[in-house]
Amino acid sequence: MNIIEATEKALKENKAITNPESREFHTAFVPTNSAGLGILIVPTKPSFTKSEDGVYKEKWPITGIMWNPRAIDLVRDDWELF
């Protein structure tokens with residue numbers, strides 16, 4: 001579906017949106033109606049593990065608050081709910 005359809009559906013169902021390229025980088029986008037945030041960028045998996053005292057722990061990247069979609073993001077039709 002296109003980004004408008006995906007955003008409308010995500011808002012109704014309280015879900016995030018993603019596409020195959022974003023999913024590959026373990027990223028989803030949460031559309032909001034907040035003036036200050038717009039769309040949150042949410043990591044869906046830890047980006048790497050970190051060894052501390054011989055124990056591996058998941059390391060999660062910080063959630064982003066700004067996203068500037070490229071033209072290709074706006075015209076693609078493979079957006080899906082996450």
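Hydrogens, waters and symmetry mates play no part in the numbers below; they use all other heavy atoms, side chains included.
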- [ ] Using a 4.5 Å cut-off on heavy atoms from C-beta on, say whether the side chain of Pro31 contacts that of Lys9.
- [x] no
Open item on the list: Please give me the minimum heavy-atom distance between Ala6 and Leu81, naming the atom from each residue.
Closed with: O-CD2, 3.7 Å
TODO: Kindly give the heavy-atom pair with the smallest separation between Ala28 and Ala16, and that separation in Å.
DONE: CB-CB, 3.9 Å
Open item on the list: Can you list everything that forms a side-chain hydrogen bond (donor to acceptor under 3.5 Å, both in side chains) with Asp73? Sequence neighbours excluded, please.
Closed with: Arg70
- [ ] Mind checking the CH2-CG spacing from Trp79 to Leu74? Nearest 0.5 Å is all I need.
- [x] 8.5 Å
Task: From CA spacing to verdict: side chain to side chain contact (heavy atoms under 4.5 Å, CB included), Glu80, Ile17 - done: CA-CA 6 Å; Glu80 56 192 50; Ile17 61 174; over 6 Å; no
Open item on the list: Among residues at least two apart in sequence or on other chains, which ones pass side-chain hydrogen bond (donor to acceptor under 3.5 Å, both in side chains) with Thr27?
Closed with: none
Task: Ile3 backbone acceptor or donor facing Thr7 side chain under 3.5 Å - done: yes
Open item on the list: My understanding is that only residues two or more places apart in sequence, or in another chain, count here; which of them pass salt bridge (Lys or Arg N to Asp or Glu O under 4.0 Å) with Glu13?
Closed with: Lys15
Open item on the list: Under the rule for side chain to side chain contact (heavy atoms under 4.5 Å, CB included), what residues qualify as partners of Glu5, not counting sequence neighbours?
Closed with: Met1, Asn2
